[in-house]
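Proteins get letters first, then strands, A, B, ... in listed order; numbering begins at 1 in each.
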There are 2 protein chains.
Amino acid sequence: MSETGERPGRCSNAGLRRATRRLSQLYDDAIAPSGLRATQFGLLVQLRDLGTPTMGELAEAMVMDLSALGHTLKPLARDGLVTLAVDARDRRQRRVALTEAGRTRLRAAAARWREAQLRFEAVFGREKAAQLRALVDEIASPGFGEAFGRPGD
Amino acid sequence: MSETGERPGRCSNAGLRRATRRLSQLYDDAIAPSGLRATQFGLLVQLRDLGTPTMGELAEAMVMDLSALGHTLKPLARDGLVTLAVDARDRRQRRVALTEAGRTRLRAAAARWREAQLRFEAVFGREKAAQLRALVDEIASPGFGEAFGRPGD
DNA sequence: GACGATTGCTGGCATATGCCATCAATTCTC
DNA sequence: GAGAATTGATGGCATATGCCAGCAATCGTC
């Protein structure tokens with residue numbers, strides 16, 4: 001039984017990516033008619049929850065690179081769903097905000113998202129969906145990166 | 001207790017994406033010195049396991065869009081790590097193959113990957129890592145997309 | 001065995017992400 | 001308070017991914 005030794009399992013990262021591709025596809029199919037990608041939907045939800053965060057705050061909450069966030073916001077800003085404004089206190093910072101158009105679009109997408117989410121929970125099982133959420137949330141938590149040995153981040 | 005009703009949890013898709021970003025970052029940091037991205041590493045491992053699959057077969061195994069696979073292979077082919085060859089039986093098909101250089105690079109990356117993987121399992125916990133693998137593998141499985149209502153795929 | 005349907009891949013376009021170099025604004029230090 | 005160090009964001013470049021519109025090859029049918 002050398003199975004209990006140091007042998008690592010198959011790649012967790014690759015597995016996660018595969019699942020993400022599949023799931024994004026399913027959510028995208030559902031949300032697309034509203035004019036938002038599933039990714040953008042997630043970003044807008046986070047933005048709505050945070051209010052008017054700075055780019056840095058939003059990036060951290062999204063577990064996203066700051067520049068990546070900037071790129072991702074571009075089409076949303078272009079379409080008038082979000083705005084970027086220089087912060088009065090610290091003019092280096094940009095405050096991101098959801099516009100009225102953004103809120104409207106978000107509401108429309110949310111209805112479709114809800115269906116996809118319920119369908120996912122029905123197909124995958126509520127229990128497992130909850131387990132999965134707990135596991136990925138832990139990985140996404142700020143503490144995890146540090147524990148792994150990526151200080152700061 | 002209206003909690004047991006139809007209310008969906010937070011977005012599984014968004015959660016999965018966040019975790020994927022974080023984890024990819026950690027694996028990337030570890031693997032990068034070998035000259036491969038974590039994504040490319042995963043692709044080459046899959047390729048090694050399949051032998052000389054057609055693009056379609058590889059795409060399905062990777063849960064990836066065919067054209068996305070094509071794009072992803074381009075830098076690898078450019079660097080001489082993989083080759084694409086017309087299949088003799090069916091000239092529409094392209095057989096993908098790992099070159100010697102590809103194998104060598106893969107071996108180098110595998111050593112680094114192994115460390116990252118063991119570290120992940122140590123930090124996250126073997127049990128939970130295994131649970132996560134099982135959950136994401138199910139989502140990535142071909143049957144899941146169909147069950148969700150995305151026939152064919 | 002010609003023709004239409006199907007299959008497998010490529011190319012163009014768009015978003016998703018990340019790294020690094022840079023620039024601007026703020027803070028720290030003497 | 002001037003200059004150094006730090007912080008917050010942008011721009012350029014590269015990969016990651018997906019959709020759709022071709023194109024070429026194969027298959028099926030009469």
**OP:** Round to a whole Å and report the spacing from CZ of B:Arg21 to P of C:dC19.
**Re:** 13 Å
Original post:
Quick one: on DNA chain C, does A:Val63 or B:Leu84 contact a more 5' nucleotide (nearest heavy atom)?
Top reply: B:Leu84
Original post:
Would you say the side chain of B:Arg92 and the base of C:dT7 hold a donor-acceptor pair, judged only by whether the two atoms sit under 3.5 Å apart?
Top reply: yes
Original post:
If you check every side-chain atom of B:Arg17, which of D:dA16, D:dT26, C:dT17 has the closest atom?
Top reply: C:dT17
Subject >> Parallel, tilted or perpendicular: rings of A:Phe120 and B:Phe148 (30°, 60°) >> reply: tilted
Subject >> 5′-ward residue of the pair A:Gly56/B:Ala88 relative to DNA chain D >> reply: A:Gly56
**OP:** Look at all strands and tell whether B:Arg78 reaches a base, only sugar-phosphate, or nothing, counting heavy atoms closer than 4.0 Å.
**Re:** sugar-phosphate
**OP:** Could you tell me the separation between the CG atom of A:Asp87 and the C1' atom of D:dA9, rounded to a whole number of Å?
**Re:** 13 Å
Original post:
Does the pair B:Glu115 and B:Arg112 meet the rule for a salt bridge (Lys or Arg N to Asp or Glu O under 4.0 Å), with working shown?
Top reply: CA-CA 5 Å; B:Glu115 286 179 30; B:Arg112 294 178 175 281; over 6 Å; no
Original post:
Has the side chain of B:Thr54 got a donor or acceptor atom sitting under 3.5 Å from an opposite partner on the base of C:dC9?
Top reply: no
**OP:** May I ask you to verify whether the side chain of A:His71 and the base of C:dG18 hold a donor-acceptor pair under 3.5 Å?
**Re:** yes
Original post:
So, A:Arg22 side chain and B:Ser141 main chain: donor-acceptor pair closer than 3.5 Å or not?
Top reply: yes
**OP:** Send over the distance from B:Leu44 CG to D:dA16 C1', rounded to a whole Å.
**Re:** 14 Å
**OP:** Starting at atom CE of A:Met55, determine the distance to atom P of C:dA24, rounded to an integer number of angstrom.
**Re:** 18 Å
Original post:
When you measure from the side chain of A:Leu66, which nucleotide among C:dT17, C:dC19, D:dG8 comes out closest?
Top reply: D:dG8
**OP:** Name the closest nucleotide to the A:Gln93 side chain, picking from C:dG18, D:dA9, C:dA16.
**Re:** D:dA9
Subject >> side chain to side chain donor-acceptor pair (under 3.5 Å) between B:Arg17 and A:Ser24, worked out >> reply: CA-CA 8 Å; B:Arg17 289 191 85 91; A:Ser24 281; 2.6 Å; yes
**OP:** State, to 0.1 Å, how close A:Glu57 and A:Pro53 come at their nearest heavy-atom pair, and which atoms those are.
**Re:** OE1-CA, 3.2 Å
Subject >> Minimum-distance nucleotide to B:Asp65 side chain [options: C:dT17, D:dG18, D:dT15] >> reply: D:dG18
Original post:
Which nucleotide sits closest to the side chain of A:Arg94: D:dT10, C:dG18, D:dC19?
Top reply: D:dT10
**OP:** Figure out the CE/C1' separation between B:Met64 and D:dA16, and round it to whole Å.
**Re:** 7 Å
Original post:
What's the CG-C1' distance between B:Leu58 and C:dC9, to the nearest Å?
Top reply: 13 Å
Original post:
Taking only N and O in the side chain of A:Gln25, is any of them less than 4.0 Å away from OP1 or OP2 of D:dC19?
Top reply: yes
**OP:** Measure from CZ on A:Arg18 to P on D:dT17 and round the result to the nearest Å.
**Re:** 11 Å
Original post:
B:Arg91 has a side chain; which of D:dT15, C:dT10, D:dT26 sits nearest to it?
Top reply: D:dT26
Subject >> Where A:Asn13 and B:Leu23 come nearest, the two heavy atoms and their spacing >> reply: OD1-C, 3.7 Å
Subject >> Upstream residue (5' side of DNA chain D) when B:Thr72 and B:Ser67 are each assigned their closest nucleotide >> reply: B:Thr72
Original post:
When the distance from CZ of A:Arg89 to P of C:dT26 is rounded to whole Å, what number comes out?
Top reply: 12 Å
